[in-house]
Amino acid sequence: MEDIRAGIIKALEQALYRAREAGEIGFEQIPAITLEVPREKQHGDFATNIAMVMAREARQAPRLLAEKLVACFEREGTWVKEIQVAGPGFINLTLDHRWLYPLLPVVQLADTGYGGSRVGAGKRVQVEFVSANPTGLLHMGNARGAALGDTLANLLKMAGFSVEKEFYINDTGNQIENFARSLEARYLQLLGREVSFPEEGYHGEDLVETMQGLIDQAGDKYLRMDPGLRRELLVKYALTEKIRAIRDTLERFGVFYDVWFSEQTLHDSGAVQETLEELQKNGYVYEHEGALWFKGTAFGEEKDEVLVRSNGVPTYYAADIAYHKNKFDRGFDWVINIWGADHHGHVSRMKNAVQALGYEPDELSVILMQLVRLFQGGEIVRMSKRTGQYITLEELMGEVGKDAARFFFVMRSADSHLDFDLDLAKSESAENPVYYVQYAHARICSILRTARDAGHQVPRVAAGDCDFSVLADPSELALMRKIADLPDEVIRAVTQLEPHRIARYALDLAALFHSFYTNCRVLTGEPSLRNARLLLVDDSRIVLRNVLNWLGLTAPERM
RNA sequence: GCGCCCGUAGCUCAGUGGAUAGAGCACUGGUCUCCGGAACCAGGUGCGCAGGUUCGAUUCCUGCCGGGCGCACCA
């Protein structure tokens with residue numbers, strides 16, 4: 001695919017040089033030639049706007065220029081069958097459809113590796129996502145982040161990057177203080193003491209359960225303890241419990257991390273302090289009213305930010321800067337964070353700090369994802385019956401299952417608000433896009449089973465030996481073309497940080513397969529046609545399965 | 001007030017500066033003697049408004065309108 005593209009571009013360049021030698025066109029340098037895939041099929045397999053781009057410098061009308069270029073174009077070795085000028089000056093290229101056939105054995109051979117590339121070879125990338133507060137349960141926003149982050153990590157791996165997935169545990173700070181007081185209140189209440197619950201505390205039912213669990217294990221022994229020590233021990237117990245619960249839920253959601261990173265360790269190791277000193281050394285820190293401030297205004301921010309409060313306690317910002325320093329010091333070439341849109345103000349602040357420490361801010365990417373709203377029966381679903389809080393990921397999986405949940409979250413662009421339709425996700429029918437894609441896979445497996453039972457194997461063909469010219473139906477060519485596009489799609493999804501493209505790809509591919517299935521009978525009596533189609537079907541299976549796996553969905557053989 | 005995201009078909013959303021802007025759902029009609037009907041095919045006066053840049057703008061820039069979210073010695 002890439003070779004073919006590069007070959008055509010080279011041939012176009014040579015045509016331009018030839019035209020110049022013949023005195024037909026004048027130019028200094030050829031601008032970068034891009035080949036796009038036209039929306040309209042009639043416009044061929046590729047199109048280029050090079051004549052329009054060069055029109056001004058060459059002082060010629062785009063169409064005229066295009067015609068001269070076409071006249072000098074040599075097709076030799078490019079698969080180009082037709083080349084013509086169209087519209088305001090486009091050059092449309094139609095390929096001999098035989099260019100697709102060598103792909104068929106390639107997919108078969110690559111198998112689980114098909115769709116991969118080496119654009120990220122030698123580069124280490126870290127994806128940090130979810131990083132939910134360990135004070136409660138995972139909600140819809142966390143779930144969206146989990147689906148996006150995990151899929152993105154899978155795609156990065158396919159693109160050749162070395163990838164690490166990380167969960168940052170916010171296990172210190174004000175919220176933990178608050179968590180401690182909430183736990184203490186629940187603990188005391190469960191043991192019959194009349195204590196009021198902190199106004200700003202964590203009201204979720206899950207804290208009651210957590211403390212009941214502790215009481216079942218350890219009884220009332222914390223009752224007579226010094227309150228400070230008691231809170232410390234309650235938090236320690238609850239954090240372990242909560243983090244385990246979060247990890248369990250994520251694993252059931254199909255998300256596994258390489259590293260669980262504790263914020264507390266940054267304080268304990270002195271990393272926060274070192275980071276502050278470095279910032280100070282670089283001249284970005286000053287003292288004011290007893291607090292230490294970061295000069296955000298030096299980077300065009302509206303105001304400066306507190307790093308260390310006047311009571312001596314570092315802010316979350318200070319810890320987060322230390323955390324990002326730590327990431328870069330671990331040698332990552334690219335650091336990707338997935339945050340809720342409510343943290344957007346933090347993005348430029350973080351990049352500023354990264355720069356202030358002498359790192360390259362462009363090596364930090366942040367994907368901001370917009371809010372998730374749940375819909376059922378056309379109404380917004382806000383509260384969870386069980387916890388009185390927002391619906392949890394656990395409950396969502398119980399309602400619609402892992403596959404539907406993951407697909408729905410990853411199907412939309414991160415920066416669009418996501419309306420999650422519970423009824424649609426639950427429906428086991430045609431209108432559910434998840435089943436549509438999975439059904440295509442199951443259908444393929446069924447065809448292959450039937451073929452095997454009849455004694456027909458998928459042919460194994462060497463790459464050089466593949467005349468599949470019997471595959472010429474438009475639906476067959478469209479399907480092959482889509483399969484050919486996969487590596488490019490992955491690269492695009494990764495470089496644009498848009499994993500939702502792959503969900504669209506899965507839907508498109510499934511549609512093309514269903515269409516092919518309707519138009520072309522696979523198990524025919526004609527052996528060469530049957531063999532060619534069996535290979536195409538098996539390749540479709542491979543591609544669908546790969547894509548479903550990257551999205552974190554199962555690829556069922558029956559359903 | 002300042003900042004970020006969004007505004008595309010009845011609904012939910014895709015869309016790489018390009019030619020006739022797409023998909024799913026919903027609705028209507030049709031296809032199938034056979035490999036899985038959870039399928040396929042057909043049916044559409046839609047890019048919030050106004051400027052600007054460009055040969056060309058849904059896409060880039062500015063302003064406005066509408067929706068969401070931020071703007072703590074919270075995280």
Side-chain angles (χ1 to χ4, degrees), chain A residues 34 36-40 42-43 47 49 52-53 55-56 61-62 86-90 92 131 133 135 170 173-176 178 200 263 288-293 301-303 305-317 319-320 340-348 368-371 373 375 378 408 411-421 424 427-436 438-440 442-451 453-454 475 492 496 500-501 503-504 507-508 510-511 513-524 530 533-534 537 558-559:
Chain A
T34 54
E36 63 185 46
V37 178
R39 256 200 298 254
E40 291 294 319
Q42 310 143 15
H43 297 142
N49 61 353
M52 284 130 90
V53 173
R56 176 170 286 200
F90 287 104
N92 291 339
S131 298
N133 281 332
T135 51
N170 299 120
N174 282 340
Q175 54 170 355
I176 294 296
N178 190 8
E200 303 289 315
E263 178 185 355
H288 176 65
E289 291 178 349
L292 279 189
W293 296 72
E301 295 293 322
E302 277 189 6
K303 54 189 173 53
E305 296 289 327
V306 173
L307 291 169
V308 181
R309 303 180 184 93
S310 49
N311 64 7
V313 178
T315 59
Y316 164 86
Y317 184 42
D320 215 18
D342 51 342
H343 286 68
H344 70 78
H346 198 51
V347 176
S348 58
L368 291 175
M369 37 167 210
Q370 302 295 321
L371 221 74
R373 292 190 303 181
F375 275 80
F408 273 64
M411 182 164 71
R412 305 285 185 228
S413 152
D415 51 26
S416 88
H417 297 263
L418 192 153
D419 286 344
F420 194 117
D421 186 333
L424 181 58
S427 74
E428 296 190 8
S429 64
E431 61 266 25
N432 190 333
V434 181
Y435 286 90
Y436 182 78
Q438 291 182 322
Y439 175 69
R443 196 179 218 186
I444 288 171
C445 292
S446 169
I447 297 168
L448 295 173
R449 275 195 301 271
T450 308
D453 292 347
S475 64
R492 192 180 288 278
Q496 309 286 315
H500 72 275
R501 288 174 172 284
R504 310 289 314 180
L507 285 167
D508 291 347
F513 180 81
H514 286 311
S515 180
F516 155 76
Y517 177 88
T518 308
N519 290 328
C520 304
R521 188 170 168 82
V522 179
L523 303 178
T524 69
R530 184 179 61 224
R533 284 184 175 161
L534 270 175
V537 167
R558 291 190 168 85
M559 48 193 291

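The structure displayed is predicted, hence computed values, not measured ones. In what follows, chains are A, B, ... by sequence order, proteins preceding strands, each numbered from 1.
- Look at the C1' atom in both C6(B) and G30(B): the space between them is 39 Å, to the nearest Å.
- Atom P of C41(B) sits at a distance of 10 Å from the matching atom of A23(B), rounded to the whole Å.
- The number of heavy-atom neighbours closer than 6.0 Å to CD of Glu200(A), taken from other residues, nucleotides and ligands shown, is 12 or below.
- Here the side chains of Leu523(A) and Leu534(A) are in contact, with some heavy-atom distance below 4.5 Å.
- One can place CG of Asn519(A) at 12 Å from C1' of A39(B), the figure rounded to the nearest angstrom.
- Comparing the same atom, P, in C60(B) and in U16(B) gives a spacing of 9 Å after rounding to whole Å.
- Here the separation of U8(B) from G67(B), taken at their C1' atoms, is 15 Å to the nearest Å.
- Base pairing in RNA chain B yields stems of at least 3 consecutive Watson-Crick or G-U pairs, both distances under 3.5 Å, namely B:1-7 with B:65-71, B:10-13 with B:22-25, B:27-31 with B:39-43, B:48-52 with B:60-64.
- When heavy atoms are screened at a 4.0 angstrom cut-off, Ser413(A) is found touching the sugar-phosphate backbone but no base atom.
- Between the base of A38(B) and the side chain of Asn432(A) there is no donor-acceptor pair shorter than 3.5 Å.
- The salt bridge (charged side-chain N to carboxylate O under 4.0 Å, His left out) check on Arg501(A) picks up Glu498(A), with sequence neighbours excluded.
- Residues satisfying the side chain to side chain contact (heavy atoms under 4.5 Å, CB included) test with Ser348(A), not counting sequence neighbours, are Glu301(A).
- Within 4.0 Å of Ala61(A), counting heavy atoms only, lies no atom of the nucleic acid at all.
- Residue Tyr517(A) is in base contact, counting any heavy-atom pair closer than 4.0 Å across all strands shown.
- When rounded to the nearest whole Å, the span between CZ of Arg443(A) and P of G37(B) equals 5 Å.
- Across the C1' atoms, G17(B) and A75(B) are found 41 Å apart, a figure rounded to whole Å.
- Residues forming a ring pair (Phe, Tyr, Trp, His ring centres under 6.0 Å) with Tyr517(A) (at least two apart in sequence, or on another chain): none.
- Closest to the Asp415(A) side chain, of the nucleotides A38(B), C6(B), G18(B), is C6(B).
- Phosphate contact (OP1/OP2 of A14(B), side-chain N/O of Ser416(A), threshold under 4.0 Å): present.
- The phosphate of G15(B) (OP1 or OP2) has a side-chain N or O of His500(A) nearer than 4.0 angstrom.
- For the pair Glu36(A) CD and G18(B) P, the interatomic distance rounds to 6 Å; values are reported in whole Å.
- Note on Arg558(A): a base of the nucleic acid sits closer than 4.0 angstrom, heavy atoms only.
- Centre separation under 5.5 Å together with a plane angle under 30° does not hold for the ring of Tyr436(A) and the six-membered base ring of A38(B), so they are not marked as stacked.
- A search for ring pair (Phe, Tyr, Trp, His ring centres under 6.0 Å) contacts involving His500(A) returns nothing, not counting sequence neighbours.
- Rounded to whole Å, the distance from CZ on Phe516(A) to C1' on C41(B) is 17 Å.
- For Ala55(A), the side chain to side chain contact (heavy atoms under 4.5 Å, CB included) test picks out Pro62(A), with sequence neighbours left out.
- At least one side-chain heavy atom of His346(A) sits less than 4.5 Å from a side-chain heavy atom of Asp320(A).
- On a pure distance criterion of 3.5 Å, a polar donor-acceptor pair joins the side chain of Arg521(A) and the base of C34(B).
- Across all strands, Cys520(A) comes closer than 4.0 Å to base atoms (heavy-atom distances).
- Counting non-hydrogen atoms under 4.0 angstrom, Met411(A) reaches nothing in the nucleic acid.
- Here the separation of G10(B) from A26(B), taken at their C1' atoms, is 8 Å to the nearest Å.
- Taking Arg443(A) as the reference, nothing meets the salt bridge (charged side-chain N to carboxylate O under 4.0 Å, His left out) condition, with sequence neighbours excluded.
- The distance between atom CG of Leu418(A) and atom C1' of C5(B), rounded to the nearest whole Å, is 14 Å.
- Across all strands shown, Ala319(A) has no heavy atoms under 4.0 Å from either base or sugar-phosphate atoms.
- Per the geometry, CG belonging to Asn49(A) stands 18 Å off P belonging to U59(B), to the nearest Å.
- Looking at which nucleotide of RNA chain B each of Leu448(A) and Pro88(A) is closest to, the 5′-most match is held by Pro88(A).
- If you check every strand for non-hydrogen atoms under 4.0 Å, Ala442(A) touches a base.
- Take Asp415(A) and apply the salt bridge (charged side-chain N to carboxylate O under 4.0 Å, His left out) test, not counting sequence neighbours, and it matches no residue.
- Taking atom C1' in both A42(B) and U58(B), the straight-line distance is 27 Å, to the nearest Å.
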Provide a list of protein-nucleic acid N or O atom pairs under 3.5 angstrom, restricted to nucleotides 69-75 of chain B.
residue	atom	partner	partner atom	Å
C69(B)	O2	His344(A)	NE2	3.4
C73(B)	O3'	Arg309(A)	NE	3.1
C73(B)	O2	Ser310(A)	N	2.7
C73(B)	O2	Ser310(A)	OG	3.2
C73(B)	N3	Ser310(A)	OG	3.1
C73(B)	N4	Glu289(A)	O	3.1
C74(B)	OP2	Arg309(A)	NE	2.0
C74(B)	OP2	Arg309(A)	NH2	2.7
C74(B)	O3'	Asn174(A)	ND2	3.2
C74(B)	O3'	Arg309(A)	NH2	3.3
A75(B)	OP1	Arg309(A)	NH2	2.8
A75(B)	OP2	Arg309(A)	NH2	3.0
A75(B)	OP2	Tyr316(A)	N	3.1
A75(B)	O3'	Gln175(A)	NE2	3.3
A75(B)	N6	Arg349(A)	NH2	3.4
A75(B)	N3	His343(A)	NE2	3.4

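- For the OP1/OP2 pair of C41(B) and a distance below 4.0 Å, the side-chain nitrogens and oxygens of Ser515(A) include at least one atom meeting the criterion.
- Residues Phe90(A) and Asn49(A) form a side-chain contact, since some pair of their non-hydrogen atoms from C-beta on lies under 4.5 Å apart.
- Between Ser446(A) and G36(B), a side-chain N or O to OP1/OP2 separation shorter than 4.0 Å is present.
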Return the polar atom pairs (N/O with N/O) between nucleotides 20-22 of chain B and the protein under 3.5 Å, or none.
residue	atom	partner	partner atom	Å
U20(B)	O2'	Glu40(A)	OE2	3.4
U20(B)	O4	Gln42(A)	OE1	3.2

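- Considering only residues two or more places apart in sequence or on other chains, Asp342(A) meets the salt bridge (charged side-chain N to carboxylate O under 4.0 Å, His left out) condition with none of them.
- At whole-Å resolution of the value, CD1 in Ile444(A) and C1' in A38(B) are 14 Å apart.
- Between the side chain of Asn519(A) and the backbone N or O of Ser515(A), at least one donor-acceptor pair lies under 3.5 Å.
- Taking the ring pair (Phe, Tyr, Trp, His ring centres under 6.0 Å) definition, one finds that His344(A) meets it with nothing, sequence neighbours left out.
- Comparing A9(B) with A14(B), their C1' atoms are spaced 13 Å from each other, to the whole Å.
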